[in-house]
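Quick note on labels: first sequence line is chain A, next is B, and so on, each numbered from 1.
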Amino acid sequence: MGRGLIMAKLVYLVPLFPLIGFLINGLGRKLLTKSLIGIIGSGVILASFAVSLGIFFEVKQDGFQPVIVSLFPFIKVPAFNIPFAFQVDQLSTLFLLIITGVGFLIHVYSTSYMHEEEPQHYGRYFSYLNLFVFSMLLLVLGANYVIMFIGWEGVGLCSYLLIGYWFKNNNYNYAARKAFVMNRIGDLGFLLAVFWILGKLGTVTYSEVFSKASTFSNYEVTAITLLLFVGAMGKSAQIPLYTWLPDAMAGPTPVSALIHAATMVTAGIYMIVRSNVLYTMAPATQTFVAIIGLSTAFLAATIALKQNDIKKVLAYSTVSQLGYMFLGLGVGAYTGAVFHVMTHAFFKALLFLGAGSVIHAMQNQQDVRFMGGLKKYMPITHITFLLACLAISGIPPFSGFFSKDEILAAAYEHNKVFWIIGVITAGMTAFYMFRLYAMTFLGHFRGTHEQEHHLHESPSAMTIPLIILAILSVVGGFVGIPEVFASNAHALEHFLSPVIVKSTEATEHLTPGTEMMLMAVSVVVAVIAIIYAWTRFSKKPEIAEPEGTGKFLANKWYVDELYDAIIARPLLGIAGVFKNVVEKSGIDGVVNGVGRGVQYAGRQIRLMQSGQVGNYILLMVLSIVLMIILVFYGNNLNPVLNYFSK
Amino acid sequence: MITVLLIIVPVLAGFVSFFIKDEKSAKGWALLSAVATLVISLISIFQNTNSLTFDASWLPMMGSRFTVSLDGMGKMLTLLTAVSFPIIFASTYNNHYKSPNAFYGFMLLTQAGLTGVFCSMDLLLFYFFWELALIPAYFLCSKWGGERRIPVTFKFFIYTFIGSLLMLVGILFVYYKTPDHSFAITSLHNLSLTAGEENFAFWLFFIAFAIKMPVFPFHTWQPDTYEQSPTAVTMVLSGVMVKMGVFAVIRWLLPMFPNASVRMSDAVIILAVIGMLYASLIAIRQDDIKRLIAYSSIAHIGLMAASMFTGDATGMQGVIFQMFAHGVNIIGLWIVVDVIEQQMGTRKFSELGGLAQKAPALAILFVIMALANIALPLTNSFIGEFLMFNSVFHYNKILGAVAAISIILAAVYTLWMVQKIFFGEVRDAEDTRLKVPANTRLMLVILVAVVLIFGVYPQPMISLTSDTVTKIIAQLK
Amino acid sequence: MPITYYITLAIVLFCIGVVGVLTRRNAIIIFMCIELMLNAVNLLLVAFSKMHNGKALATNPTSLAGIDGQLFVFFIMVVAAAEVCVGLSIIVMMYRNTHSVDVNFLNRLKN
Amino acid sequence: MSTTAILFWFLSALALLSATMVLISKNPVHSILWLIIVFFAISGHYILLNAQFIAIVNLIVYAGAIMVLFLFVVMLMNLNSDSEPQKNNRLRLAGTIAGGCLMLIMIDVVRSASEVQNATAMVREGNIGLIKTLGKVLFVDYVVPFEITSVLFLSAMIGAVVIGKKD
Amino acid sequence: MNTIILSAIFGVVMMFTGIFISNRAAYKHVAAIALLVLLVFNIYETHGFVLFNVNADYFLHFEKFGLLFTSICIFSTLVYVLLSGKDIEKAGANTAEAFALIFFVLCGIGIVTSYTNLLMLFVGIEILSIPLYILTGSDKRNLKGNEAALKYFLMGSFSTGIMLMGIALLYGAAGTFAVEHVASAGMLSYLEALGMVLIFVALSFKVSAAPFHFWTPDVYDGAPTVITSFMATVVKVAGFAAFIRLFEGRLGTMGSQTDRLIAIVIILTLAFGNLTAVFQQSVKRMLAYSSIAQAGFMLFALFAVNDVAKEGLLLYAAAYSLATIGIFAVLAKMDDMTFEGFNGLAKSQPLIAALLAIFFLSLAGIPLTAGFFAKYYMLAAIIKTNHYIGLAIIGVLFAAVSVYYYFKVIQAMYFKDGNIVLAPVTNSFKYLLLAVAVIIVFLGVYPNALLSLLYF
C-alpha cells in the first residue's frame with residue numbers, strides 16, 4: 001500500500017467538512033443569511049463528495065489494500081487501545097459515495113424546501129443535517145466498533161433532533177423521543193457486543209477482530225452477532241423495534257429522505273456486512289436475521305397497503321425494503337444487501353423527495369385521499385415519482401429489479417419458503433406503491449380550491465435533485481447486473497469481494513435457467529399487482545374508512561397499542577409504585593421510622609421519670625437485684641449477652 | 001507545600017469572608033479566592049507527587065500526622081473542586097442570599113474540606129476533612145434552602161453523620177491493627193487482618209461511603225436535600241461532595257480490605273445495579289427538575305459503585321474518569337436549573353414548557369449537558385461509562401446487561417425533561433425572553449467545552465490518573 | 001459467733017431499711033430507714049473487724065488488725081451526723097413551704 | 001446454749017423486731033422510738049463484740065443526738081399518724097418484694113463466699129475496740145481523714161445556716 | 001494535697017468574706033483569685049511542689065493523672081465562677097456561703113481524684129455531695145428547688161448506704177480498706193464481687209449512670225440553673241475520677257460477668273439519656289438528660305481502663321465541662337428555657353449564638369471541637385481492648401441520636417425567627433465565652449496540648 005494513495009490518506013477530510021459546516025451553521029445561524037447557510041451547508045457535503053470520489057478512484061485500483069488512518073488514541077488504557085481511526089476500503093468507500101452523493105442532493109433540495117423557515121431555524125436545520133452527515137461518515141469510516149458506535153449514536157441523536165425539528169409541536173417531540181429511545185435499545189445490544197469482543201480479544205479494530213475471530217467459541221460468536229443484530233434492529237427498524245420509523249416522518253421530508261430512507265436506517269446493514277466474518281461463523285444468527293428480515297418485510301408491506309399518509313406509506317415501504325436487505329444478509333447475500341442499499345437509497349430518496357415536492361405544493365397536506373390528478377400540475381415530480389415506483393416494484397431494467405432479484409435468488413437457494421414470501425411481499429410492494437401513485441397523481445383533484453390554486457411545480461433546486469436521482473434509479477442497477485445478462489457482470493460483487501468472506505458452505509450458483517424463471521415469476525407478480533392497483537385506484541380512490549382486515553392493517557396491527565400495554569404502561573406503573581410506595585413508605589419509611597421510633601421510645605422512657613422518689617428507688621433496687629443476678633448467676637444468660645461482645 | 005496552599009487558601013478566605021458585610025465584596029472575595037485556588041490547582045497538576053507531598057507532625061501521641069499529597073486521582077479531584085467553585089460562584093453571581101458573608105464563608109470552608117479529603121494521606125486527617133466538608137454544607141442547606149429545609153437537611157446531616165461515626169469506629173479498629181499504630185496510608189495499606197475482622201471493618205467503612213455516594217438503599221436523603229438546598233449548594237453536593245464517597249472507596253476501602261472487597265463485591269454490585277434501575281425508574285415519574293436530576297445522579301453513582309468493585313483496572317479508570325465527568329456535567333445541569341428557577345419561579349415540569357423559544361442558547365447548552373448525562377459518545381461521560389459498563393459486563397454478563405438497561409431509562413427521563421422544559425408551546429402568555437445572564441452563559445459554555453474536549457480527547461485525564469489505577473489494582477491483587 | 005450470723009443479721013437489717021425507704025412516704029421516716037441501713041453496715045463492719053482481728057491474733061497476739069473496721073464505723077457515724085444535720089434542715093425547709101413531708105407530693109419535676 | 005449465744009439471739013431478735021416496727025408504725029414518733037430501740041440492740045451487739053468505743057458512740061450520737069433531733073423535728077411539725085395517708089398498696093407490695101429479693105439474693109451470695117466459711121467473729125475478747133487503742137490509731141494514723149472530716153462539718157454547718165435560717 | 005488543704009482554707013476564707021465584706025459583687029472576685037491560686041498550686045504540685053508535707057500514702061496518693069484531673073476541675077470552676085458569678089449572686093441570699101461550699105466541693109474533688117483508701121473515697125464523696133444538697137436547695141423560696149434538694153438528698157443518702165454496704169463487704173473479704181489490697185490480682189471472691197457491685201451502683205448513682213440516673217433530670221431541672229451548671233460538670237466528672245481510680249487495677253480480675261455488667265450499664269445510660277433527651281421541650285432539662293448521655297460515653301473509659309481511657313477521660317472532662325458551663329452560662333440569662341426560647345438568637349446576638357453553636361457542636365462530638373477528640377478517645381479505648389466492639393457501634397449510634405437534640409438548639413438559633421429575651425450581657429462575659437470556645441476549638445485541633453501534660 002501507499003502507492004499513490006493520496007486521497008485515502010486524506011480521508012479525515014470527508015467527515016471534517018460536514019463538521020465544519022455544522023459548526024459554522026450552528027454557531028453563526030443568527031449572523032448568516034439564508035442563502036449563505038444553504039451554500040455552506042450543501043457546499044461542505046459537496047466537498048466531501050469530491051474527496052470521496054477521489055478516494056473511490058484510488059480504491060478501485062487493483063491490489064488496493066485497506067488503509068487505516070489513525071488520528072489519535074481515543075481511549076487508551078493498559079488493557080486495550082481504541083484509536084480514533086478511519087478505515088478506507090471498498091465497503092466504506094461505497095457508503096461514502098452514497099452518503100455524500102445522496103446527501104448532497106438532499107441538501108440542495110432542502111435549501112428550497114425549507115426556505116420558509118426563519119433564518120436561525122434554517123441555520124439550525126442545516127447544522128443538524130451537516131452533523132448527521134458527519135456522524136454517518138464516522139459510522140462507516142470508523143476502523144473499529146467504538147468509532148462506529150460513536151457514529152451509530154450520533155446519527156440517532158441527529159435523527160432525534162431532526163424529527164423534533166419543529167419542537168413546538170409536542171407530538172413531534174414524542175416521535176423524536178420514541179425514535180431515540182428505541183434506537184437506544186438497539187444501541188444497548190451493540191454496546192454489549194462491543195464489550196464482549198473487547199473482553200475476549202482486547203481489541204475492537206476490525207482487522208484484528210476478524211483475524212482473531214476463530215478464537216471465539218460457537219456460543220460466543222452467536223451471542224455477539226445476535227447482540228450486534230439487536231443494534232441493527234433498532235437502527236434499521238426491524239421487528240420488534242420498527243415502530244419508531246413511521247412516527248419519525250414527523251420530521252421535515254428531506255430528513256425522511258436522507259435519514260429515514262437512504263442512509264441512517266441502512267447502518268444496520270452496513271454493520272452486519274462489515275462484520276460478515278462473524279456472521280458467517282454463526283449460522284444460527286443468520287437464520288434468525290433472515291426470519292426477522294422477512295417477517296418485517298411482510299408485516300410492513302401489509303401495513304403499507306392501507307396507509308393514507310403519503311409519507312407513512314413510504315415509511316412502511318422503507319421498513320419493508322430494509323427487511324429485504326436483512327433477508328439478503330441472513331441468506332448470505334451480503335453483496336445483494338449492499339446492492340439493495342444502494343439502489344434503495346436512490347429510489348427511496350427520490351420517492352421521499354417527490355413526496356416532499358407534492359407536500360410542498362399541497363401546502364403540507366399529506367393525506368393522499370385529498371390529492372389526485374397532480375400529474376398535470378407537477379410533471380417533473382410525476383415522472384420521477386413514477387420511475388421510482390417502477391424501480392421499487394422491481395420492474396426491469398430499473399435498479400430495484402436487479403438488487404431485489406439478487407436477494408430473492410439467494411433466498412431461493414437457501415429456503416424456498418423464504419422466496420415465496422419474498423415474492424408475495426414484492427407483489428404487495430408493487431401494489432401499494434402504485435396505489436399511492438394512482439391516488440396521488442391520477443384521477444382528479446380532491447383537495448380544496450385554495451390548494452388547487454396554489455398547485456405548481458417545485459423550483460429547480462428541488463427538481464434537479466429529483467431528476468438526478470431518477471437517472472440513478474434507472475441506471476443504478478447495472479453495477480450489479482447478474483451474469484445471465486452480461487458477461488462482465490456483478491461489478492459490485494467483484495468490487496466488494498475483498499471485504500466479504502464467502503461462507504464456506506455456500507451452495508452452488510443457480511443455473512441460469514432457474515434464475516431466469518425466478519425473475520420472470522417476480523416480474524409477473526409485480527406487473528399484475530401494478531395493473532390491478534393502477535386500474536383500481538385511478539378511477540375509484542379509496543376514501544372510506546377501512547373495515548375488518550383493512551382496519552386491522554390501517555391500524556398497523558395495533559402494535560403500538562400492544563407495546564403500550566405490555567411495556568410502556570407496566571414500566572410507568574412500576575416506576576409509580578417505586579416512587580410512591582417503595583421509596584416513600586418503604587425505604588424512606590424505614591429511615592423516618594427509625595427517627596420516629598427514637599422519638600416514640602423517648603416518649604415512653606420518659607414515663608419512667610415519674611417524679612416519685614419511691615419509684616426511682618424501687619427501680620434502683622430492682623436494678624441492683626438484677627445486676628447481682630447477672631453477676632453471680634449470669635452464666636446461664638450467656639447466649640443472650642454474648643451477642644454484645646463482638 | 002502547594003497542596004497545603006490548596007487547603008489553606010479557602011480556609012483563610014472563608015474565615016475572612018465571615019467578616020465582609022457587603023454583599024458585592026463578599027461575592028468578589030469568594031470568587032477571587034476560588035480563582036486563586038484554581039490557579040494553584042492548575043499548577044499542581046504539573047508537579048510530580050513527591051513535590052506535592054507535605055508531611056508535618058500533628059498528633060504524635062495518636063500516631064497521626066498531617067500528611068497531604070496528591071496522586072493522579074487526587075490531582076484530578078482537587079482540580080474538579082477547584083474548577084467547580086469558581087464556576088458555581090460565577091454562575092450564581094446574580095443570586096441574592098441573605099447574609100452573603102456567611103454564605104460564602106461556609107461555601108469556602110466546604111471547599112477546603114473537600115480539598116482536604118482528596119489530598120489527605122492520613123486516615124484521621126481524612127476523617128477530619130470529611131466532617132469539615134459536611135458541617136458547613138449542613139449550615140448552607142439549612143439556612144438558605146427551601147421551605148422544608150430544616151427537617152430535610154437535618155435528615156441528611158444525621159444520615160451522613162451516622163455513616164461517618166461508623167467509619168470512625170472502623171478507623172479506630174484498623175488503627176489498632178496496624179503494626180506501628182499509625183494512621184499513615186502506607187501502614188494501613190498493609191494491614192493483616194483475619195477474614196472476619198476484614199469483613200467487619202469493610203462494612204463499617206462501606207456504609208459511610210455508601211451513604212455519601214449514595215448507593216441504594218442509603219439514598220433517601222439525597223433527592224430531598226438536593227431539592228431543598230439552594231442550587232449553588234446542590235452543585236457542590238452533587239458535583240463534588242458525592243465524589244467523596246467514591247473517592248474514599250478507591251483511596252481507602254479497596255486497598256485496606258482487598259480480600260473483603262472481593263468477597264463483598266457480589267453484594268455491592270447487585271445493590272448498585274438494583275439502585276441504578278430503581279433510581280432511573282423513579283426519575284421517570286418525577287415532576288421536579290431537581291428531583292429528577294437527583295435520581296439520575298443516584299443511577300450514575302450506582303454505576304460507579306458497581307464498577308469500583310469489579311476489580312478491573314479498566315473499570316477503575318472509568319470510575320476515576322467519570323468522577324470528573326459527572327461533576328462537570330451535573331454542575332452544568334444545575335446551572336440551567338438555577339436560571340430557570342430564578343426566572344420562572346418554578347421547577348415543576350407541569351408548569352414549564354417551550355423555553356427553547358424564550359432562550360435558544362440556553363436550550364442548546366442544556367441539551368448538550370443532557371446528552372452528556374445520557375453518555376452520548378463524544379461527551380465526556382461516554383468515556384467513563386463505556387469503561388465502567390465494560391468492566392461490569394465482564395464481571396458478570398447478566399448483571400452488566402441489566403445495568404446497561406439504565407442507559408435506556410436515562411434516555412427516557414433525560415429527554416423527557418428536555419422536552420418538558422424546552423420544547424412544546426410556551427406556557428405563560430407573556431412573551432418575555434428568558435434572560436440568561438452573561439456570566440451564567442459563559443460558565444455554561446466553559447462547561448460544555450470541557451464536556452466536549454474530554455469527550456473527544458480524554459487521554460490527558462486518563463494518563464493523569466493511570467498511576468492511581470495501577471497502584472490500586474496492584475493492591476487488590 | 002459464726003460471722004455468717006452477723007452478716008445475715010446485718011443484711012436483714014439493711015434490707016428492712018431498704019423496704020422502709022421503698023414503702024413509706026414520710027420523708028422523715030424514709031430518712032430514718034436510711035439511718036437503719038447505715039447501722040446495719042456499722043454492725044457488719046464491727047463484726048468483720050472482729051473476725052479479722054481474731055484471725056490475726058492467732059499468729060500475732062498484739063496485732064491491731066481489724067481496727068480499721070471500727071474506725072470506719074466511727075467515720076460513718078460522723079458523716080451520718082453531718083448528713084442528718086443537712087437532711088433535716090432540707091426537710092424542714094420543705095415543710096415550711098408545703099406543710100407536708102410526703103414525698104409523693106414531690107412531683108413538680110418529672111418526665 | 002451459752003450466755004453469749006442467748007444474748008446474741010436476744011439482741012438480734014430485738015433489733016429485727018424493732019426495725020420491723022419502725023416500718024409499720026403509723027405514727028412517726030413511734031417509729032423513732034422503735035428505731036432507738038434498734039440502736040440500743042445494735043449497741044448491745046457492739047458490746048458483745050467487745051467494741052466498747054463504738055457502742056458508746058453509737059448510743060450517744062445515734063440514739064442520743066440524732067434521734068432526738070429527729071424527734072424534735074417530728075414534734076415541731078406536729079406530724080401524727082393521720083398526716084400520712086395510705087401509700088398505694090401495689091407499690092408497697094412491690095417495694096417489699098424488691099427489698100425481700102435483695103435480701104435473699106445478698107444472703108445467698110454472701111453465704112457461699114469462701115472467706116466466711118467457718119470464720120467467726122471474736123466475741124467478748126480482743127482489745128481493738130477499746131477506747132485507748134482506737135484513740136491512738138485514730139489520732140496518729142487516721143489523723144488526715146479525721147481532719148478532713150472537719151470540712152464535712154463545716155459544710156454541714158453552712159448548710160444548716162443557709163437552709164435553716166429565715167430570710 | 002495542696003488542693004485539699006487550700007480549698008478547705010479558702011472555703012473558710014469565703015465564709016469570713018461573707019461576714020466582713022458586704023459588697024456581694026466582690027465575692028466573685030475573691031473567689032476567682034482564690035481559685036487562681038488554687039490552680040497554680042495544684043499545677044505546682046505536679047512538679048513536686050507541696051505546701052505541707054504530710055505523709056498520708058495510706059489514704060491519699062497524688063499522681064499526675066489525678067492532679068491533672070483536679071486542675072481541669074479547678075480550671076472549669078474558675079471559668080464557671082467568672083462566667084456565672086453574677087448568677088450565683090442571684091440564686092440565693094447567701095452568696096459567700098455558696099462560694100465557700102464550692103470550695104468545699106473542690107476539696108472533695110481533690111480527695112476523690114487521689115484516694116488510695118476506701119475510707120477516703122467515702123469521705124470524699126460525702127464532702128462532694130453534702131454541699132451540693134445545700135446548693136440545690138439554696139433558693140429556698142423556689143418549690144422546685146426544694147423538691148430537687150429533698151429528692152437529691154434522700155436518694156443520695158440511700159446510695160451512700162449502698163456504697164457503705166459494698167465497702168463493708170469488701171472489707172470483710174480483704175481485711176483492709178486500702179484500694180491496692182482490695183484490688184489485688186486474681187479472681188474476685190464472692191464477697192468482693194458483691195462489694196464491688198454495690199460500690200459500682202453507688203458510684204453509678206453519683207455519675208448518673210442508668211438505671212441509677214433518675215434523680216439527675218429532676219435535680220438538675222429543679223436546682224437553680226447556675227448550680228446545675230456546676231453540678232452537671234465539675235462534680236460529675238469528678239465522680240468519674242473516683243470511679244476510674246477504683247477500677248483501674250481491676251481490669252484483669254473482674255471477669256467477663258462484670259464486664260458485661262458495665263457494658264449493660266453503658267448501653268442503658270446511653271439509651272436513657274439520649275432517647276429521653278430527644279423528647280424534651282426545655283433546654284435545661286434536655287441538658288440534664290444529655291449529661292446522662294455524656295456520662296454513658298465517659299463510662300467507656302471505665303470499661304476499657306487503659307492508658308487511652310485515662311487520657312480520654314481527661315479530655316472528656318475538659319471538653320464536656322467547658323462546653324456545658326458555657327451553655328449554662330448563657331442559659332442562666334434566658335427567660336424562656338424551651339427550645340423556642342432560642343429562636344432567632346443568631347440575629348440578635350450573633351457572637352453568642354456562634355459560640356453556643358460551637359459548644360453544642362462540641363457536645364455532639366463534631367470534629368474540630370474538643371468534644372470530638374473526647375469521644376474519639378473513648379471509642380479508641382474500647383476498641384483498643386479488641387473486645388466488645390459492638391459497644392463502640394452502639395455508642396456512635398447514640399451519638400448520632402444526640403445530634404438530634406443538640407442541633408435542635410442550633411436550628412432554633414440560626415434557622416428560625418423569634419424575639420429572644422436575654423438578660424443584658426457584658427462584653428467581658430462575651431470575651432470570656434469566646435475564650436472558652438477558643439479553648440474548645442484548640443483542643444479539637446490539637447488535643448496534645450492537654451494530654452502531653454500527662455507525660456512531660
Most heavy-atom pairs under 4.5 Å with chain A, out of E/V278, E/L268, E/D218, E/I162, belong to E/D218
Turns out that what part of E/L150 lies under 4.5 Å from chain A's heavy atoms comes down to neither
So the side-chain hydrogen bond (donor to acceptor under 3.5 Å, both in side chains) pairs with at least one residue in residues 390-400 of chain E (sequence neighbours excluded) are none
Contact list (residues 599-613 of chain A to chain E, heavy-atom gap under 4.5 Å, by number) returns A/Q599, A/A601, A/G602, A/R603, A/I605, A/R606, A/M608, A/Q609, A/G611, A/V613
Whatever's closer than 4.5 Å to a heavy atom in chain E on A/V594 counts as neither
Highest number of heavy-atom pairs under 4.5 Å with chain A among E/L154, E/L194, E/V197 belongs to E/L194
OG (A/S623) and CZ (E/F214) are apart, to the nearest 0.5 Å, by 6.5 Å
*Walk me through it: do A/I624 and E/F212 pass the test side chain to side chain contact (heavy atoms under 4.5 Å, CB included)?*
CA-CA 9 Å; A/I624 295 170; E/F212 311 103; 3.9 Å; yes
If one checks every heavy atom of E/F200 against chain A at 4.5 Å, the contacting part turns out to be side chain
With sequence neighbours left out, the residues meeting side-chain contact (heavy atoms from CB on, under 4.5 Å) with A/V581 are A/V577
Hits for side-chain contact (heavy atoms from CB on, under 4.5 Å) against A/A250, two or more places apart or cross-chain, chain-then-number order -> A/I163, A/Y172, A/A175
message = Side chains of E/W215 and A/I617, heavy atoms from C-beta outward: is any pair under 4.5 Å?
response = no
Rounding to 0.5 Å, atoms CE (A/M620) and OG (E/S204) come to a distance of 9.0 Å
